Amino acid sequence: MLACLDGERDPVCVATVLVSVGLIADHDPDGRLRHHLDHEHPLPRWAAATALARLLVAHPATASGLPPAERIAAELAAFGAGPAPETATAHHAGDLHSYTVRSLLHLMGAAEDPDGVLLEIVRALPRIKETGVVPRPLAVRAENLLEALFDPADTVPVFAELSPGRRELLRVLAELLTAADFQPVPFGSDLHERFTQYGVPGTRPALRAYVGLSTEGEDPSAPLPDPWAPFRNH
């Protein structure tokens, strides 16, 4: 498949092939994936980094032949911090920023500075978009991040004692998540349950108060509204 890219100028075509190779390969054939980290177009660079991230995590025995995790993460971070390209591969229903967050999360275990990678993840979160394929994609990624970064707890952790990356993650989630995101399935997501499982306030106003954001017009002590209430009144 990679041989087909010789002379290919269409960045979407190149990116699609690179991601596909990353999904099925167990090594970097002749360094061809690494080579595309220096492609002139950002989309193939993202695709090469995405493919290499999967190889590094899924096949760690090949790590010696791959670029350092920091080099891969830097390319993913650069893409994640920018706007979505006008034309892109259809991978992950076109929501490449959400997939970038996933790839960076997987790379944290291989990075020398995992909290630094987490800060790059946080910078990509505002660019996650609805695609009509995955309901509430930001809530889904928030659940993934909580599961990977926090341990189950019965008490709320002291915010100031969290790592800088975890503090910034919760602050940005408090800014981006809506009250509807905290509603339970089928109206929203499992986010409320996940937050409380890890000792973190599980409503939007409570989370905003926890990280130091304004709660004007909201009651941080109020319980999660009952989504079934309107139906019970009829």
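Note that these values count all heavy atoms, side chains included, but never hydrogens, waters or copies made by symmetry. Every value quoted in this text rests on a predicted model; they were computed, and no experiment measured them. By convention here, the first residue in the shown sequence is residue 1.
Here the side chains of M108 and I121 are in contact, with some heavy-atom distance below 4.5 Å. Here the side chains of V17 and V21 are in contact, with some heavy-atom distance below 4.5 Å. Residues V156 and V200 form no side-chain contact, since every pair of their non-hydrogen atoms from C-beta on lies 4.5 Å or further apart. Contact check for F182 versus L207: side-chain heavy atoms found under the 4.5 Å cut-off. In this structure, R9 and E40 have side chains that are in contact, with non-hydrogen atoms separated by less than 4.5 Å.
Checked against side chain to side chain contact (heavy atoms under 4.5 Å, CB included), A206 has the following partners two or more places apart in sequence or in another chain: P201, T203. Residues that satisfy the side-chain hydrogen bond (donor to acceptor under 3.5 Å, both in side chains) test with S103, not counting sequence neighbours, are absent from this structure. The side-chain hydrogen bond (donor to acceptor under 3.5 Å, both in side chains) check on R167 picks up nothing, with sequence neighbours excluded. F79 pairs by the ring pair (Phe, Tyr, Trp, His ring centres under 6.0 Å) definition with W46, H97, not counting sequence neighbours. Here T16 pairs with T89 under the side-chain hydrogen bond (donor to acceptor under 3.5 Å, both in side chains) rule; sequence neighbours left out.
Within the model, atoms CG of L118 and CZ of R166 stand 6.5 Å from one another, a figure rounded to the nearest 0.5 Å. Atoms CG and CZ, from L56 and R71 in turn, are 13.5 Å apart once rounded to the nearest 0.5 Å. The distance from atom OG of S98 to atom CZ of R127, rounded to the nearest 0.5 Å, is 14.5 Å. Going from atom CG of D181 over to atom CG of L191 covers 6.5 Å, rounded to the nearest 0.5 Å.
For L125 against L173, the heavy-atom pair with the smallest separation is CD1-CD2, 4.1 Å. Closest heavy-atom contact between P11 and L43: O-CD2, 4.0 Å. The two residues I128 and L138 come nearest to each other via the heavy atoms CG2-N, 4.0 Å. Considering every non-hydrogen atom in both P220 and T215, the closest pair reads CG-OG1, 3.8 Å. The shortest non-hydrogen separation linking V14 to P44 is CG1-CB, 3.8 Å. Considering every non-hydrogen atom in both L55 and A25, the closest pair reads CD2-O, 3.2 Å.
In the hydrophobic clustering of ILVMFWY residues, with side-chain heavy atoms under 4.5 Å counting as a link, V117 and L119 come out apart. L18 and V57 fall into different hydrophobic clusters, defined by Ile, Leu, Val, Met, Phe, Trp and Tyr side-chain heavy atoms under 4.5 Å apart, directly or through other members. L213 and V158 fall into different hydrophobic clusters, where Ile, Leu, Val, Met, Phe, Trp and Tyr are joined by side-chain heavy atoms under 4.5 Å apart, directly or via other members.
The ring pair (Phe, Tyr, Trp, His ring centres under 6.0 Å) pairs that include a residue from residues 200-221 are F159-Y210, where partners are two or more places apart or lie in different chains. A salt bridge (charged side-chain N to carboxylate O under 4.0 Å, His left out) check over residues 85-112, counting only residues at least two apart or in different chains, returns nothing. Contacts classified as salt bridge (charged side-chain N to carboxylate O under 4.0 Å, His left out) and involving residues 209-219 (residues at least two apart or in different chains) are given here: R204-E218. Among residue pairs with one or both ends in residues 142-157, those qualifying as side chain to side chain donor-acceptor pair (under 3.5 Å) are R141-N144; sequence neighbours excluded. The stretch residues 53-66 participates, sequence neighbours left out, in no side chain to side chain donor-acceptor pair (under 3.5 Å) pair at all. Sorted by first and then second residue, the pairs that involve residues 98-122 and meet ring pair (Phe, Tyr, Trp, His ring centres under 6.0 Å), not counting sequence neighbours, are H91-Y99, H92-Y99. Residue pairs satisfying the salt bridge (charged side-chain N to carboxylate O under 4.0 Å, His left out) criterion with at least one member in residues 43-53, sequence neighbours excluded, are listed as follows: R45-E75.
Between H39 and H41, the angle of the ring planes goes over 60°, which puts this pair in the perpendicular group of the 30/60° scheme.
Looking only at distances, a side-chain donor or acceptor of R208 sits under 3.5 Å from a matching main-chain atom of S214. Using modelled atom types, one side-chain atom of D28 and one backbone atom of L33 make a donor-acceptor pair closer than 3.5 Å. Side-chain N or O atoms of R123 include none that pairs as donor or acceptor with a backbone N or O of G80 at under 3.5 Å.
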